[in-house]
Undergrad: 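Let me give you the structure first, and then I'll get to my questions.
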There are 2 protein chains.
Amino acid sequence: MEPTIPVEEEIIDLSEFLKTFGDPTRLRILFLLRERELGVHAIAEQLELQQTTVSHQLKVLRYLRLVRYRKEGRGVFYSLSDDHIEQILNIGMEHIQEQI
Amino acid sequence: MEPTIPVEEEIIDLSEFLKTFGDPTRLRILFLLRERELGVHAIAEQLELQQTTVSHQLKVLRYLRLVRYRKEGRGVFYSLSDDHIEQILNIGMEHIQEQI
DNA sequence: TTAATATATGAATATATGTTCATATATGAA
DNA sequence: TTCATATATGAACATATATTCATATATTAA
């Protein structure tokens with residue numbers, strides 16, 4: 001079975017999805033969430049970022065379904081959306097660690 | 001073994017690597033090269049892009065090691081760098097095709 | 001209700017990036 | 001060498017994007 005080239009709409013969706021991994025702040029958030037579910041304030045504190053910066057980036061991560069969230073009390077707790085996210089992080093790390 | 005959070009330099013390298021997948025033109029080039037090795041002119045023709053656009057993007061893809069190339073005569077032939085590239089494309093496609 | 005805490009949103013700004021045009025470099029043919 | 005073909009590069013411009021500041025919304029406690 002020959003691999004096929006995705007149609008235009010898939011290319012756009014895929015580029016938006018993968019582009020979301022292309023920012024240091026978002027990556028830091030994702031690596032934190034790989035360890036455990038966290039609230040917005042905890043993410044901001046651990047990464048030494050402003051709350052508003054974190055909220056803006058979480059909105060992007062939510063929209064592209066890299067994370068999911070649940071509300072509890074006044075807090076909102078975020079975690080990685082599914083295993084694809086961690087797989088991409090792992091493959092990416094393998095790639096950049098390759099020498100030559 | 002607990003997963004660790006990459007250090008600053010790794011985060012930067014990883015974000016630059018993954019960012020490279022975040023553009024429709026580069027994705028189209030990668031999907032073409034997933035099928036077969038191709039020269040610059042052939043890529044431009046198949047994707048209906050200007051040669052100079054393709055060259056600029058190939059430079060990015062080379063720099064981040066998503067593709068490799070070999071020179072033959074006056075041509076330069078490009079192919080995917082290693083299996084990581086196809087893996088990321090495949091996982092990404094799986095993700096965007098998930099409904100819900 | 002009022003106050004306090006947690007999170008989200010909108011506008012503004014500075015920076016990054018993709019494409020185009022013009023042109024340079026490289027290789028092979030004549 | 002000169003010409004033609006293949007590819008790469010640099011500058012310019014328009015668009016996209018990350019962060020900040022100010023503020024809004026939501027929830028709980030008093």
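Here is how names work: the chains are called A, B, and so on, in the same order as the sequence lines, proteins then strands, and each is numbered from 1.
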Undergrad: Does dA29(C) have a Watson-Crick or wobble partner in any strand here, with both distances under 3.5 angstrom, and which is it?
TA: dT2(D)

Undergrad: With 3.5 Å as the limit, what N/O pairs link the protein to nucleotides 9-15 of chain D?
TA:
residue	atom	partner	partner atom	Å
dT9(D)	O4	Thr52(B)	OG1	2.5
dG10(D)	O6	His56(B)	NE2	2.8

Undergrad: Under 4.0 Å between any heavy atoms, over every strand shown, what does Tyr78(A) touch: base, sugar-phosphate, or nothing? Just pick one.
TA: sugar-phosphate

Undergrad: Which is more 5' along DNA chain D, the nucleotide nearest Leu58(B) or the one nearest Gly22(A)? Just name the residue.
TA: Leu58(B)

Undergrad: Measure from NZ on Lys71(B) to C1' on dT5(D) and round the result to the nearest Å.
TA: 15 Å

Undergrad: Quick one: which of Arg70(A), Arg68(A), Glu37(A), Arg62(A) gives a side-chain hydrogen bond (donor to acceptor under 3.5 Å, both in side chains) with Tyr78(A)?
TA: Arg62(A)

Undergrad: Between Leu66(A) and Ile91(B), is there a shared hydrophobic cluster once you connect ILVMFWY residues whose side-chain heavy atoms come closer than 4.5 Å?
TA: yes

Undergrad: Once you round it to whole Å, what is the distance between C1' of dT28(D) and CD of Glu72(A)?
TA: 13 Å

Undergrad: Using a cutoff of under 3.5 Å, can you pull out all pairs of nitrogen or oxygen atoms linking the protein to nucleotides 12-17 of chain C, with atom names and distances?
TA:
residue	atom	partner	partner atom	Å
dT17(C)	OP1	Lys19(B)	NZ	2.9

Undergrad: Whole angstroms only, please: what is the CG-P distance between Leu47(A) and dA18(D)?
TA: 16 Å

Undergrad: Whole angstroms only, please: what is the CD-P distance between Glu48(B) and dT20(C)?
TA: 13 Å

Undergrad: Has Glu35(B) got a side-chain atom pairing as donor or acceptor with Leu32(B)'s backbone, closer than 3.5 angstrom?
TA: no

Undergrad: Determine, using the 4.5 Å side-chain heavy-atom cutoff (strictly less than), whether Phe77(B) and Ile85(B) are members of one ILVMFWY cluster.
TA: no

Undergrad: Using whole Å, report how far CD of Gln57(B) lies from P of dT20(C).
TA: 11 Å

Undergrad: Would you say a side-chain N or O of Gln50(B) is under 4.0 Å from OP1 or OP2 of dG18(C)?
TA: no

Undergrad: Charged N to carboxylate O under 4.0 angstrom, Arg28(B) versus Glu8(A)?
TA: yes

Undergrad: Across the strands shown, which category fits Phe77(A) at heavy-atom distances under 4.0 angstrom: base, sugar-phosphate, nothing?
TA: nothing

Undergrad: Indicate, with yes or no, if Tyr63(B) and Ile29(B) share a hydrophobic cluster defined by side-chain heavy-atom contacts under 4.5 Å among Ile, Leu, Val, Met, Phe, Trp and Tyr.
TA: yes

Undergrad: Indicate the ring-plane relationship of Phe17(B) and His95(A), choosing parallel, tilted or perpendicular according to the 30° and 60° boundaries.
TA: parallel

Undergrad: For Ala42(B) and Arg74(A), take the nucleotide of DNA chain D holding the closest heavy atom to each; which residue's nucleotide lies nearer the 5' end?
TA: Ala42(B)

Undergrad: My understanding is that a pair needs two contacts under 3.5 Å, Watson-Crick or G-U wobble. By that rule, which nucleotide pairs with dA16(C)?
TA: dT15(D)

Undergrad: Using whole Å, what does the distance between atom P of nucleotide dA6(D) and atom CD1 of Ile43(B) come to?
TA: 14 Å

Undergrad: Let's go through Val54(B) and Leu47(B) carefully: what are the C-alpha distance in whole Å and the side-chain angles of both, what is the deciding distance for side chain to side chain contact (heavy atoms under 4.5 Å, CB included) to 0.1 Å, and is it a yes or a no?
TA: CA-CA 9 Å; Val54(B) 173; Leu47(B) 299 179; 5.8 Å; no

Undergrad: For Gln50(B), what residues pass the side-chain hydrogen bond (donor to acceptor under 3.5 Å, both in side chains) criterion, not counting sequence neighbours?
TA: none

